[in-house]
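In what follows, chains carry the letters A, B, and so on, assigned in the order in which the sequence lines appear, proteins first and then strands, with residues in each chain numbered from 1.
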2 protein chains.
Amino acid sequence: MTFDEAKDKFIHTWGTLATQWGINRSMAQLHALLLIAPQPLATEDVMEQLQISRGNASMNLRDLMDWGLIYKQLKPGERREFFMAEKDIWKVARQVAKERRRREITPVVEVLNELKMISTDTPEAKEFQRVMEGLSSVVGFADNTLNAVIKAEENWLMGQFLKVFR
Amino acid sequence: MTFDEAKDKFIHTWGTLATQWGINRSMAQLHALLLIAPQPLATEDVMEQLQISRGNASMNLRDLMDWGLIYKQLKPGERREFFMAEKDIWKVARQVAKERRRREITPVVEVLNELKMISTDTPEAKEFQRVMEGLSSVVGFADNTLNAVIKAEENWLMGQFLKVFR
DNA sequence: TTGTGGTTTCAAAATATTTTGAAAGATTTG
DNA sequence: CAAATCTTTCAAAATATTTTGAAACCACAA
């Protein structure tokens, strides 16, 4: 496989995976492209390489910045803006974990806590409460796992631990 | 909050969360409904309660069975099929972990391994390989975590461990 | 101030996904 | 076997999401 083939395959694969995770293809491909770019790229570059429109590029670059996954870079003497991805992949993972926790886990925890407190006078209500409690524990686990990623500066301890379960 | 309000809120919340995870709303709501139903439900019941069409119900019930999250139940003397959800939430979590691992992680691991082996004669290629290696380790972590969930019959050990990171 | 080179916005178009519902397919019963 | 009852399928309709591209905007230089 040539380097260009590998590059295409990576960008494509990353885009496909992302859609299964509720992230749109352009954003994922943009991220993939910047991840493997040795130099910061200008908007024109990414439009060119991914064959997407200016608006699309602009919006998704902004979203990626909101996620803390890429940065703007200004080159002295250059008017245009350049973009570079955060290359420390564990930092990327922490960032994603942090955002997903904030956007998805936290609100659900709140709703579950609210719903757990319903009175249990009928069989339906009793069942309902049981399910809510079970879900709380699973969501709590997910929350802890994300926190582990977020907090872990070094990951060897976690690595060691997880071997236990293999 | 009355029980009915709580029920609606749960079904609605679950549906919203699911879409962020690439699962469609009907499927999520069906699952939510069956999770909190004390008795198995017939197709008509779910159509009625969620206000969805027969075809929609049929397809998504089938998908939920493929995921191993619900079961068909035959009642003696009844011609129709009834559906009940797996109520052991940790079993549900294990099932979801298993499926997502199979459908998402495993293929990516394979692609990454393939892409890691590219020759590193240019700076671009060198950078590319670095990124692939980093991603491999992150994806490997995700894989291990899912495995931990899949393998863990009891979760106290994991619970204890994860406290370390709090 | 105006012109130039860039970025952002957003309504409309394109595309993708989900849902519907009617027809075809099963399976049980008389 | 035919009728009754229920399930599945799938093309078309509805809906939701993504992408486009032209206009508005912005910052700087002349």
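- For residues 37-70 of chain A, no residue pair satisfies the ring-ring contact (aromatic ring centres under 6.0 Å, His included) rule, not counting sequence neighbours.
- Remark: B:Asn24 is not in phosphate contact with C:dT17, judged by side-chain N or O atoms under 4.0 Å from OP1 or OP2.
- Residues of residues 36-56 of chain B having a heavy atom closer than 4.0 Å to DNA chain C, listed by number: B:Gln51, B:Ile52, B:Ser53, B:Gly55, B:Asn56.
- Formation of a donor-acceptor pair under 3.5 Å by the B:Thr145 side chain with backbone atoms of B:Phe141 is found in this model.
- Contacts with DNA chain C (heavy atom under 4.0 Å) in residues 63-85 of chain B: B:Arg79, listed by number.
- Ranked by how close their nearest DNA chain C nucleotide is to the 5' end, B:Asn60 and A:Arg25 are led by A:Arg25.
- The other residues sharing a hydrophobic cluster with A:Met84 are A:Tyr71, where clustering joins ILVMFWY side chains under 4.5 Å apart.
- The backbone N or O of A:Ala125 sits nowhere less than 3.5 Å from a side-chain atom of A:Thr120 that would complete a donor-acceptor pair.
- To the nearest angstrom, C1' of D:dA12 lies 13 Å from CE of B:Met59.
- Regarding A:Met27, its CE atom lies at a distance of 13 Å from the C1' atom of D:dT18, rounded to whole Å.
- Applying the ring-ring contact (aromatic ring centres under 6.0 Å, His included) test to residues at least two apart or on different chains, the pairs with a partner in residues 11-35 of chain A are A:Phe10-A:Trp14, A:Trp21-B:Trp21.
- Heavy atoms of other residues, nucleotides or ligands lying less than 6.0 angstrom from CD of B:Glu48 number 12 at most.
- Whole-Å rounding puts the A:Ile23 CD1 to D:dT19 P distance at 13 Å.
- Within the structure, ring-ring contact (aromatic ring centres under 6.0 Å, His included) pairs that include any residue of residues 97-116 of chain B do not occur (at least two apart or interchain).
- Between A:Glu99 and A:Arg102, at least one side-chain N (NZ, or NE/NH1/NH2) sits under 4.0 Å from a carboxylate O, which counts as a salt bridge.
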